[in-house]
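Just so we're on the same page: letters track the sequence lines, and every chain starts at 1.
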Number of protein chains: 2
Amino acid sequence: MARQADAANGERRTTIRDVAALAGVSPSAVTIALHDRPGVSAATRERILAAARELGWRPNLAASSLAGRRVHTVGLAIARPARLLGLEPFYMEFISGIESVLKRRSCSLLLRLVETDDEVEVHREWWQGGRVNGSILVDLRRDDPRIPALSGIGLPAVVVGHPSLAGPFTSVWTDDAAAVEEAVRYLAALGHRRVARVSGPAELGHSAIRTAAFTAVAGELGLDARTVVADFSADQGGRACRRLLLETPRPTAIVFDNDVMAVAALGVAAEFGLSVPADLSLLAWDDSQLCQLTRPTLSAMRHDVFSFGAQAAETLFAVIEGAPADSQLAHVPSLIPRGSTAPPAN
Amino acid sequence: MARQADAANGERRTTIRDVAALAGVSPSAVTIALHDRPGVSAATRERILAAARELGWRPNLAASSLAGRRVHTVGLAIARPARLLGLEPFYMEFISGIESVLKRRSCSLLLRLVETDDEVEVHREWWQGGRVNGSILVDLRRDDPRIPALSGIGLPAVVVGHPSLAGPFTSVWTDDAAAVEEAVRYLAALGHRRVARVSGPAELGHSAIRTAAFTAVAGELGLDARTVVADFSADQGGRACRRLLLETPRPTAIVFDNDVMAVAALGVAAEFGLSVPADLSLLAWDDSQLCQLTRPTLSAMRHDVFSFGAQAAETLFAVIEGAPADSQLAHVPSLIPRGSTAPPAN
DNA sequence: GGTCGGCACTGGAGCGTTCCAGCACGGCGC
DNA sequence: GCGCCGTGCTGGAACGCTCCAGTGCCGACC
């Protein structure tokens, strides 16, 4: 304890050499003992660890990373306005899932909010700067510039999105097309003939996939279907919903690409004097607490976002460790019928 | 481009020496140019930067940190079960606020979920390992062991909580006592005589402060007041509420220490056949989207969590840069009356 | 008794950057 | 003409750890 205080007193930080001296060995022996590798006797190992404890020494990660060891860090850059991020339950759950895996391995997450165009640069800095062992890439766009740029520099990464978007990277994905199909078939079974969808930004890969599936399945079932684009915010979601409800004939069911927009739509329906679900059915995506708190409760495509994050992290570790990891299909979202979907009034 | 590919091909990573060679100068000159310091001519500087661009070189942060420069990273460790974290809007908003500041300075956030007892160790590792320039400490407990341990090793940090909890650290805090007083006076003004409160864990510093203020103000106003302890989860919040409602006479108004518990209480009130706010008034804390989505909407103590996070980050930078930063009072939470508070039925 | 193998440990180079002392050179003042 | 200063740049040590090629020693085997 006294020694630690000394060190803090600006004298000089404790290094591996101090530990080695105290234990009466060379720095190399300390390294060996520290990483629990064969090469020192049990007695020496214990002596070294005791010395390290006594001095309160922690290896300097910058140095050890320079000398070639893992840094125990993975990176995540998110391209969303900071203000908006707090409102979206998705990311916090996703991050929580990632953390649940990192925690077990004593790893940390390096997080950064970026503008879309800066993301490549951030990952380059992190990777070439030796700050992360790998990254998780989210919100894949079509022909995403991150794919060629980052595979070009050899960054180990996992893509969260459909394999077709992932280029040479391993991906972890949910089968959006199948989920959309389930949603549409469900609404059709309830008797809806005019269905609409409010999607996330068109340039996102999964928006495109869902849109294509939505159109295809609706076509197959002979439904009237259309998609309007929004940006996941309550504001734009509400606006999109309003636009749809002004059309004649108006849709009797609307599917949303996240939960926040669906919640906003509840308010818009009230504005129009429409009762949910009698006059209008609403179906949310990314089921979170929100969907159970509203009145009526929102039917949703449930997706275990926490596990999704955890799976992405697990897969990233496999990639980092050089396992030839195949792309993984996470749970297919499944429909949870609640109070916002019903047969259309006739 | 070709060169970058070469580098990725496992040849050897590009270093400052490659850049120096290409520009026809020494590595020292590259450092000078890179950090925009006086010591090279404008022409040379441009030549060097061009060479760096051409080779796609980024300085290795491990090396530069070893050699004594800032690492552009701040740390945040959160002691909550991963599963629970996703449900709490507070942290994501707080982190978003932090990030909004970090972003402007091209800094990253190092995040880790921990068990309560591991947190000191994590910060030690980060600080002594040269991975962060400073940390933000949240969820301060009474006599928090982090305070002596981390001030002892010289970690630059900002405490989020009342200055009395912060020891030698600078703190950023909200005046919980004043806010509690406002809440209680408001309920008293509505005519409530029996009020209760569901608090967060008793060992948290701000719980204790709020409890003391709650008791004091209620005493001063001659109200019947009591506090029961929960843990911020919907589950325990609901349970605590149930316990309160079983007492006779039962309280006519309940204040909650976060929003999630207040939302859970809405359900419990329905169980008991009590109508909100006619039979029971509910007042939430940490106003988030949740409070506006329920029916009735929840009255809440609004607290701009995003700005709070931003302010904590700003203050941390001041501390890191050696400014003698004083503790800062963030916005005092203010009461937003919505649909869940009203005079008690008589 | 000599050789060989294996174990426990050491010494020193190397990782990529920064920082500091120092050098060369040109201009200016006296 | 000499000293002096300032500008623009270089060389090399230092940061703290790891890894690799030893070294010394002991026991086993022929």
Looking at A/R17, I'd like to know whether one of its side-chain N or O atoms comes within less than 4.0 Å of OP1 or OP2 on D/dG16.
no

Would you grab the first and last nucleotide of DNA chain C (5' to 3') that comes under 4.0 Å of any non-hydrogen atom in chain B?
C/dG16 to C/dC19

Is the closest side-chain heavy-atom distance between B/V172 and B/F308 below 4.5 Å?
yes

Does the side chain of B/R112 come under 3.5 Å of the side chain of A/S108 through a donor N or O and an acceptor N or O?
yes

Look at A/R69 and D/dC19 and indicate whether a side-chain polar atom (N or O) is within less than 4.0 Å of OP1 or OP2.
yes

Rounded interatomic separation in angstrom, taking NE2 from A/H35 and C1' from D/dC20:
15 Å

Side chain of B/T73, backbone of B/V132: donor and acceptor closer than 3.5 Å?
no

Between A/R47 (side chain only) and A/A23 (backbone N and O only), is there a donor and an acceptor less than 3.5 Å apart?
yes

With sugar-phosphate meaning primed atoms plus P, OP1 and OP2, does A/T31 contact a base, only sugar-phosphate, or nothing at under 4.0 Å between heavy atoms?
base

Find the distance between OH (B/Y91) and CG (B/L76) and round it off to the nearest 0.5 Å.
8.0 Å

Between side-chain atoms of residues 35-45 of chain A and protein atoms elsewhere (two or more places apart, or another chain), which donor-acceptor pairs fall under 3.5 Å?
from, atom 1, to, atom 2, distance (Å)
A/D36, OD1, A/R45, NH1, 3.3
A/S41, OG, A/T44, N, 3.3
A/S41, OG, A/T44, OG1, 2.7
A/R45, NH2, A/R37, O, 3.2

Encode nucleotides 4-11 of chain D as B, S and - characters from 5' to 3', where the letter depends on protein heavy atoms closer than 4.0 Å: B to the base, S only to sugar-phosphate, - to neither.
----BBBB

Touch class at under 4.0 angstrom, heavy-atom based, for B/R70 against every strand present:
nothing

A/L55 atom CG is separated from D/dG16 atom P, nearest whole Å, by 14 Å

Between the side chain of B/T15 and the main-chain N/O of B/R17, is any donor-acceptor distance below 3.5 Å?
yes

Counting just side-chain N and O atoms, does A/S64 come under 4.0 Å of either OP1 or OP2 of D/dC17?
no

List the steps, then state whether salt bridge (charged side-chain N to carboxylate O under 4.0 Å, His left out) holds for B/E121 with A/R53.
CA-CA 12 Å; B/E121 183 50 29; A/R53 264 195 306 276; over 6 Å; no

